[in-house]
Amino acid sequence: MSAKIITLTRHIIEEQRRFPEATGKFTDLMNDIAFAAKLISYHTNKAGLMGILGETEAINVQGEIVKKLDIFANETMVKALDHGGHTCVMVSEESDGIIPIPEEYPLGKYVVLFDPLDGSSNIDANVSVGTIFSIYNRISPEGRPGTVEDCLQPGHKQVCAGYVIYGSSTMLVYTTGNGVHGFTLDPSYGEFILSHPNIRIPKKGKIYSVNESNYDYWDDSIKKYIHYVKQIDEATDRPLNSRYIGSMVADIHRNLLYGGIFLYPASKKAPHGKLRLGYEANPMAFIVEQAGGRAIDGKQRILNIKGNKLHQRVPLFIGSEQDVRMVQEYISGKRA
Ligand code: AHG
Ligand code: MN
Ligand code: MN
């Protein structure tokens, strides 16, 4: 085998050697996530053929219409992670409360939060969607089920965060606090192969990603910032390009590679923003910071926020360092 082929499993094993006390449980957990990702990837690709597309009657806990593939992705993640003895509790966008580990299975030390399918309103149009995950060590005593408090830890306590993007190829991108690494699924081997080692986001980007139809609902500071990015100014390389897919995973993945800012501000329509702290903002913030970028809620670092609700929403400004600093200057009133 070529020495250049590094599978996800090998990469995780080598990363874990940094921790002499590692038991292999984290590697097991990541392998289970990767397996779930392969199943979701397969079904996402086959969705049109298998009659799995279309809206179900169900409305999820956020009051949004759930697509069938959301349910499949959610069940796949839960079933992949509930029996391995590495996890003590889970949180999913698709479940109101915490998801306990069934009594017949052993409890582990990890806490996993996930958005099983991000961007699901795009599925019917064959647009990229993703799975996002966030992993913590439990803070409750071992040997008992995990608790809500285990799931409400601030993002800087994450031991791992990652996403899988189901796009023109399927990629898994993750960090354990030692840089950001991307793996592309080789469909013939069924293996994630290291394709993007040590991803670094450019310090300044050429892209802004926002749902501009919310313009009239925004504060003046956001309106002014968006006006700023569209002005012509050669010296500062403006205007920026507008790119908005409506799948956060895909929008941030592109900006991570090309440089840029993604924003979902609070507004009159969504006073706390739209995106969820635990399984959307925190994992993406950990990844983007590890790649050299920034993620804030307008004032403070996303990773410093201590949530108090499982499905808490948060305004999000994330991406290239200089671009995030610029919007922060508008929000703080330093620029107007
Ligand atoms: P989800 O599909 O998990 O509910 O998330 C959708 C999110 C996110 O992916 C995306 O960036 C955002 O909603 C789009 O919101 P708008 O349609 O309001 O722009
Ligand atoms: Mn989502
Ligand atoms: Mn979702």
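For ligands, and for the atoms within them, numbers begin at 1 and follow the listed sequence. The structure presented is a predicted model; accordingly, all values stated were derived computationally and were not measured.
Residue L117 places at least one N or O, backbone or side chain, under 3.5 Å from an N or O of ligand 1. When only interatomic distances are considered, the shortest N/O to N/O separation between D115 and ligand 1 falls below 3.5 Å. Residue contacts with ligand 1: L275 is placed with no nitrogen or oxygen under 3.5 Å of a nitrogen or oxygen of the ligand (distance criterion only). Taking any N or O of K274, backbone or side chain, at least one lies under 3.5 Å from an N or O belonging to ligand 1. For ligand 1, one of its N or O atoms has an N or O atom of S120 under 3.5 Å away.
In the candidate list V249, D70, N211, N211 is nearest to atom 16 (P) of ligand 1, counting heavy atoms.
By the rule that hydrophobic residues join a cluster once side-chain heavy atoms approach within less than 4.5 Å of another member, L316 and I287 end up as members of one cluster.
The proximity of K269 to ligand 1, defined as any non-hydrogen pair under 4.0 Å, does not occur for either the backbone or the side chain. Contacts between F262 and ligand 1, counted as non-hydrogen atom pairs separated by less than 4.0 Å, involve the side chain only.
In summary, an N, O or S atom of L117 is located under 2.8 Å from the Mn ion (ligand 3).
Look at E75 and K68 and you find no salt bridge, because none of the NZ, NE, NH1 or NH2 atoms lies under 4.0 Å from a carboxylate O. Using a 4.0 Å cut-off between charged nitrogen and carboxylate oxygen, E329 and R325 do not count as a salt-bridge pair. We find that R254 and D251 are joined by a salt bridge, their nearest charged nitrogen and carboxylate oxygen being less than 4.0 Å apart.
For ligand 1, the atoms closer than 4.0 angstrom to any heavy atom of M248 are 8 (C), 9 (O), 10 (C), 11 (O). Taking a cut-off of under 4.0 Å to the non-hydrogen atoms of E280, the atoms of ligand 1 that pass are 3 (O), 5 (O).
Rounded to the nearest 0.5 angstrom, Q290 CD and L256 CG are separated by 11.5 Å.
Using a 3.5 Å distance cut-off with no hydrogens or angles, the side chains of H227 and Q231 do pair a donor with an acceptor. Side-chain contact, E191 with T7: no donor N or O sits under 3.5 Å from an acceptor N or O.
Taking the Mn ion (ligand 2) as reference, E280 places its N/O/S atom OE2 nearest. Taking the N/O/S atoms of D118 in turn, the shortest distance to the Mn ion (ligand 2) belongs to OD1. E93 contributes atom OE1 as its closest N/O/S atom to the Mn ion (ligand 3). For D115, the N/O/S atom at the shortest distance from the Mn ion (ligand 3) is named OD1.
Side-chain contact between L277 and N282: present, with at least one pair of heavy atoms (C-beta onward) separated by less than 4.5 Å. Contact check for V173 versus H196: no side-chain heavy atoms found under the 4.5 Å cut-off. H86 has its side chain out of reach of F26: every pair of non-hydrogen atoms, C-beta onward, lies at least 4.5 Å apart.
Ligand 1 is approached by R276 to a heavy-atom distance shorter than 4.0 Å.
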